[in-house]
Enquirer: 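Structure below; questions to follow.
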Amino acid sequence: MARINENYQKLPGSYLFSEIARRTAVYQEAHPEAQLIKMGIGDVTRPLAPAVIEAMHEAVNDLASAETFHGYGPEQGYDFLRSAIAEADFRARGIEIDDDEIFVSDGAKSDCGNIGDILDVNNRVAVCDPVYPVYVDTNAMAGRAGDWDAEAEAWTNIVYMPTTAENGFCPAIPDTPVDVIYLCSPNNPTGTVLTAEQLKVWVDYANEHDVIIMFDAAYERFITEEGVPHSIYEVPGAKTCAIEFRSFSKTAGFTGARCGYTVVPKALVREGQSLNAMWNRRQCTKFNGASYVIQKGAAAVYSEQGAREVEETLAYYRENARVIKEGLSEAGLEVYGAVNSPYVWCRTPGGMGSWDFFNELLEKANVITTPGAGFGPSGEGYIRLTAFGDAEATRTAVERIKNLLAK
């Protein structure tokens, strides 16, 4: 008899954003006249940069001719994209990253979930709390999370590191030994960042205890303040303890096109094994590489025209984030994030539950948000809003929320 992976049976309910979509659909069906504004799921709304579109069209034309046709590409990514990434995202910032330490994929979400393939199932994992659900759920699927504690709304073998306003959104080193630590800066969902000094504490700890840091830098292009690292490799010693995930989804609008990359330094070795070589082996076995057309589009992001056009779109979203944060602050809410991030993290009024406030905003303001409870125990009492919407719709949503709270 074929047996199933019993870890899937331990997963509580549905994936957070699927539940949001379900509740939204139920409400919309009952109220077809409602003009809903989406500020929940972090999906972009601006079109791809013209330079990217042009590059993709040229790539499609390449596939129409035998002389320029491309079949299977390198599982690690085409050289033209890996080289552009290494130069613009790292060497330009004084970080020496080799092209063969970069692995192009179909997005950071996939890599964050798949990276566990090269790790022992008995590794103990620590996550910031609140946390991007993929870090936790994929480790639960692999059997590293233990059992689901419904009362605590947490996994028994996951170490949750509170990352809240009370500690400046910088978690403390765990009291209990761990093997893998997930860090995200700019953070999803709180929209806050870690400084170089704060990251140095984690890097030193990881190197001292042979821990691996999984560093999610998917939102680094939103950083505007000086002194905030765009990469963990800006911190001395990080190459021997950290894997970094990047994405073109939110920075260049590739949520529908799908492209990202992971950096695994050759200096990262555990138990005598190169994690770079292990990840390469995994990708060669389970992945046939991102599309040639998509990679050509991603490479155009690094052209002079593409960089300028992408920055214009980022500025558009940054302005939305400012509007949300200032508007909700004026309404008397306690608000965080937004400055270096497309996310705004907001405490619910009067100690209201996060799903309760989600429902109230959906039903009385017709604004869709994300309840903080879906991001872990410390997310209760908060909601997350995204700046990826239309500018006019964003202003309208903020006014609706302000009017609702005024009542």
Enquirer: First locate atom CD1 of I181, then atom NE2 of H209, and finally report the distance between them rounded to the nearest 0.5 Å.
Expert: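 Here the rounded value is 9.0 Å.
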Enquirer: Which value, rounded to the nearest 0.5 Å, describes the distance between K109 atom NZ and S247 atom OG?
Expert: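 The OG atom of S247 is 11.5 Å from NZ of K109, to the nearest 0.5 Å.
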Enquirer: For the residue pair C259 and V104, establish whether any side-chain heavy-atom pair is separated by less than 4.5 Å.
Expert: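 Touching, per the 4.5 Å side-chain cut-off.
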Enquirer: Parallel, tilted or perpendicular: which describes the rings of Y78 and F80, with under 30° parallel and over 60° perpendicular?
Expert: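 It falls in the parallel class, under 30°.
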Enquirer: Using the side-chain contact (heavy atoms from CB on, under 4.5 Å) definition, which of the options W279, F245, F90, F215 pairs with V263?
Expert: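 So the option named by the test is F90.
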Enquirer: Answer yes if the side chains of N280 and Q76 hold a donor-acceptor pair under 3.5 Å, and no otherwise.
Expert: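 Note: N280 and Q76 side chains meet the donor-acceptor criterion.
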Enquirer: For V310 and T251, work out which heavy atoms get closest and say how close.
Expert: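 That would be CG1-O, 3.1 Å.
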Enquirer: Tell me if the CG atom of D175 is crowded by more than 12 foreign heavy atoms within 6.0 Å.
Expert: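 No, the 6.0 Å shell around CG holds no more than 12 heavy atoms from other groups.
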Enquirer: Does any pair with a residue in residues 140-158 pass salt bridge (Lys or Arg N to Asp or Glu O under 4.0 Å), and if so which ones, sequence neighbours excluded?
Expert: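 Those involving residues 140-158 are K10-D147.
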Enquirer: Between the side chain of S354 and the main-chain N/O of P371, is any donor-acceptor distance below 3.5 Å?
Expert: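 Judged by distance alone, no pair lies under 3.5 Å.
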Enquirer: Is a donor on one side and an acceptor on the other found under 3.5 Å between the side chain of E75 and the backbone of T285?
Expert: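 Checking the backbone N and O of T285 against the side chain of E75, no donor-acceptor pair under 3.5 Å is found.
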Enquirer: Do E309 and T313 have side chains that approach each other closer than 4.5 Å (heavy atoms only, starting at C-beta)?
Expert: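 Answer no - side chains too far apart.
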Enquirer: Minimum heavy-atom separation for Q198 to V193, with atom names?
Expert: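 Reported closest heavy-atom pair: OE1-O, 4.0 Å.
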Enquirer: Yes or no on side-chain hydrogen bond (donor to acceptor under 3.5 Å, both in side chains) for N207 and T240, after CA distance, side-chain angles and deciding distance?
Expert: CA-CA 7 Å; N207 280 321; T240 55; 2.7 Å; yes
Enquirer: Can you list the steps and then say if D111 with R282 is a salt bridge (charged side-chain N to carboxylate O under 4.0 Å, His left out)?
Expert: CA-CA 11 Å; D111 286 354; R282 188 269 174 202; over 6 Å; no
Enquirer: Should E399 and K402 count as an ion pair when the cut-off is N to O under 4.0 Å?
Expert: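 Answer for the salt bridge query: yes.
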Enquirer: Hey, does the side chain of Y233 reach the backbone of E244 with a donor-acceptor pair shorter than 3.5 angstrom?
Expert: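 Between the backbone of E244 and the side chain of Y233 there is a qualifying donor-acceptor contact (under 3.5 Å).
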Enquirer: Atom CD1 of I324 and atom OG1 of T386: how far apart are they, to the nearest 0.5 Å?
Expert: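 Answer for the CD1-OG1 pair, I324 versus T386, is 6.5 Å.
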Enquirer: Rounded to the nearest 0.5 Å, how far does CD1 of I41 lie from OG1 of T370?
Expert: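 Reported to 0.5 Å precision, the distance equals 7.0 Å.
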Enquirer: So do the side chains of Y27 and N359 get within less than 4.5 Å of each other, counting heavy atoms only?
Expert: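 No; the side chains remain at least 4.5 Å from each other.
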Enquirer: Do NZ/NE/NH1/NH2 and the carboxylate oxygens of E319 and R395 come within less than 4.0 Å?
Expert: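 Salt bridge between E319 and R395, a charged N being under 4.0 Å from a carboxylate O: no.
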Enquirer: Answer yes or no: does atom CD of E226 have more than 12 heavy-atom neighbours from other residues, nucleotides or ligands under 6.0 Å?
Expert: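 No, because the 6.0 Å sphere around CD of E226 holds 12 heavy atoms or fewer from other groups.
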Enquirer: Can you list the steps and then say if E197 with V201 is a side chain to side chain contact (heavy atoms under 4.5 Å, CB included)?
Expert: CA-CA 7 Å; E197 292 75 18; V201 172; over 6 Å; no
Enquirer: What is the ring orientation for Y219 with Y343, classed by angle as parallel under 30°, tilted 30 to 60°, or perpendicular over 60°?
Expert: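 The arrangement is perpendicular - the two ring planes meet at more than 60°.
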Enquirer: Measuring from R23:CZ to S18:OG, what's the distance to the nearest 0.5 Å?
Expert: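 Result: 12.5 Å between the selected atoms.
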Enquirer: E360: what forms a side-chain contact (heavy atoms from CB on, under 4.5 Å) with it, not counting sequence neighbours?
Expert: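 By the side-chain contact (heavy atoms from CB on, under 4.5 Å) rule, E360 matches M352, K364, L404.
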Enquirer: Could you check Q35 against T396 for side chain to side chain contact (heavy atoms under 4.5 Å, CB included), going step by step and ending with a plain yes or no?
Expert: CA-CA 11 Å; Q35 300 296 312; T396 299; over 6 Å; no
Enquirer: Can you tell me if S83 uses its side chain to pair, donor with acceptor, with the backbone of D79 under 3.5 Å?
Expert: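 Not confirmed, S83 side chain does not pair with D79 backbone.
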Enquirer: Just by distance, do the side chain of S185 and the backbone of N187 share a donor-acceptor pair under 3.5 Å?
Expert: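 Side chain of S185 to backbone of N187, a donor-acceptor pair under 3.5 Å: no, none is there.
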Enquirer: Assess whether side chain to side chain contact (heavy atoms under 4.5 Å, CB included) is satisfied between I20 and F358, documenting all intermediate values.
Expert: CA-CA 9 Å; I20 291 172; F358 167 88; 4.0 Å; yes
Enquirer: Is there side-chain contact between I383 and C346, with heavy atoms separated by less than 4.5 Å?
Expert: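 Answer yes - side chains close enough.
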Enquirer: Hey, is CZ on R322 packed in by over 12 heavy atoms from elsewhere, all under 6.0 Å?
Expert: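 Yes, enclosed.
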Enquirer: Between F222 and Y317, how do the two ring planes meet: parallel, tilted or perpendicular, split at 30° and 60°?
Expert: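 F222 and Y317: tilted rings.
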Enquirer: Has R400 got a side-chain atom pairing as donor or acceptor with N366's backbone, closer than 3.5 angstrom?
Expert: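 Yes: the side chain of R400 pairs with the backbone of N366.
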Enquirer: Output yes when a side-chain donor or acceptor of H70 lies under 3.5 Å from a complementary backbone atom of T68, and no otherwise.
Expert: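 Yes: the side chain of H70 pairs with the backbone of T68.
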Enquirer: In terms of relative ring orientation, are F248 and F254 parallel, tilted or perpendicular, with 30° and 60° separating the classes?
Expert: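 It falls in the tilted class, 30° to 60°.
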Enquirer: Out of the candidates R246, R221, R82, only one should pair with D89 under the salt bridge (Lys or Arg N to Asp or Glu O under 4.0 Å) rule; please name it.
Expert: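 Filter result, single survivor: R246.
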Enquirer: Evaluate the side-chain proximity of Y382 to T190: yes if any heavy-atom separation is below 4.5 Å, no if none is.
Expert: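 Result no, sub-4.5 Å side-chain heavy-atom pair not found.
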Enquirer: Evaluate the side-chain proximity of E96 to K239: yes if any heavy-atom separation is below 4.5 Å, no if none is.
Expert: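 The answer is yes; the side chains approach within 4.5 Å.
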Enquirer: Just checking, any donor-acceptor pair under 3.5 angstrom between side chains of Q305 and S303?
Expert: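 No.
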Enquirer: Closest heavy-atom contact between L16 and P133?
Expert: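 Minimum heavy-atom contact is CD2-CG, 4.1 Å.
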Enquirer: For L48 versus G253, what's the shortest heavy-atom pair and its separation?
Expert: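 The pair with the smallest heavy-atom distance is CD2-O, 3.2 Å.
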Enquirer: Would a 4.5 Å heavy-atom cut-off, applied to side chains only, mark K296 and E58 as touching?
Expert: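 No - every pair of side-chain heavy atoms lies 4.5 Å or more apart.
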Enquirer: Closest heavy-atom contact between A242 and L268?
Expert: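 For A242 and L268, the tightest heavy-atom pair comes out as O-CD2, 3.9 Å.
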Enquirer: Check this for me, if you would: do D204 and K200 make a salt bridge, where the nitrogen-to-carboxylate-oxygen distance has to be below 4.0 angstrom?
Expert: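 Yes.
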Enquirer: Is there a donor-acceptor contact under 3.5 Å linking the side chains of N340 and T224?
Expert: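 Yes, T224 and N340 have a side-chain donor paired with an acceptor closer than 3.5 Å.
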Enquirer: Does R46 make a cation-pi contact with F388 (under 6.0 Å, within 45 degrees of the axis)?
Expert: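 The answer is no, since R46 fails at least one limit relative to F388.
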Enquirer: Can you tell me if T176 and R124 form a side-chain donor-acceptor pair at under 3.5 Å?
Expert: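 Side chains of T176 and R124: pair found under 3.5 Å.
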Enquirer: For residues L199 and P229, report the shortest heavy-atom separation together with the two atoms involved.
Expert: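 Closest approach of L199 to P229: CD1-CG, 3.9 Å.
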Enquirer: Verify, without hydrogens or angle tests, whether E101 (side chain) and D98 (backbone) share a donor-acceptor contact under 3.5 angstrom.
Expert: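 Looks like yes, one N/O pair under 3.5 Å.
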Enquirer: Would you check if there is a donor-acceptor pair between the side chains of Y132 and D216 at a distance under 3.5 Å?
Expert: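 No pair is found: no donor N or O on one side chain lies under 3.5 Å from an acceptor on the other.
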Enquirer: Would you kindly say whether T255 and D43 are connected by a side-chain donor-acceptor distance under 3.5 Å?
Expert: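 There is such a pair (donor and acceptor under 3.5 Å, judged by atom type) between the side chains of T255 and D43.
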Enquirer: So F287 and S110, do their side chains get closer than 4.5 Å, heavy atoms only?
Expert: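 No, their side chains stay 4.5 Å or more apart.
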Enquirer: Say you draw a straight line from OG of S291 to CG of L63; how long is it, rounded to the nearest 0.5 Å?
Expert: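 Between atom OG of S291 and atom CG of L63 there are 7.5 Å.
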Enquirer: Would you check if the side chain of E380 reaches a backbone N or O of P377 as a donor-acceptor pair within less than 3.5 Å?
Expert: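 Answer holds: no.
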Enquirer: Check the pair W202, L183 against side chain to side chain contact (heavy atoms under 4.5 Å, CB included), reporting the backbone distance first and the verdict last.
Expert: CA-CA 9 Å; W202 289 100; L183 298 176; 3.8 Å; yes
Enquirer: Do any N or O atoms from the side chain of T348 and from the backbone of G381 form a donor-acceptor pair under 3.5 angstrom?
Expert: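 Judged by distance alone, yes, a pair lies under 3.5 Å.
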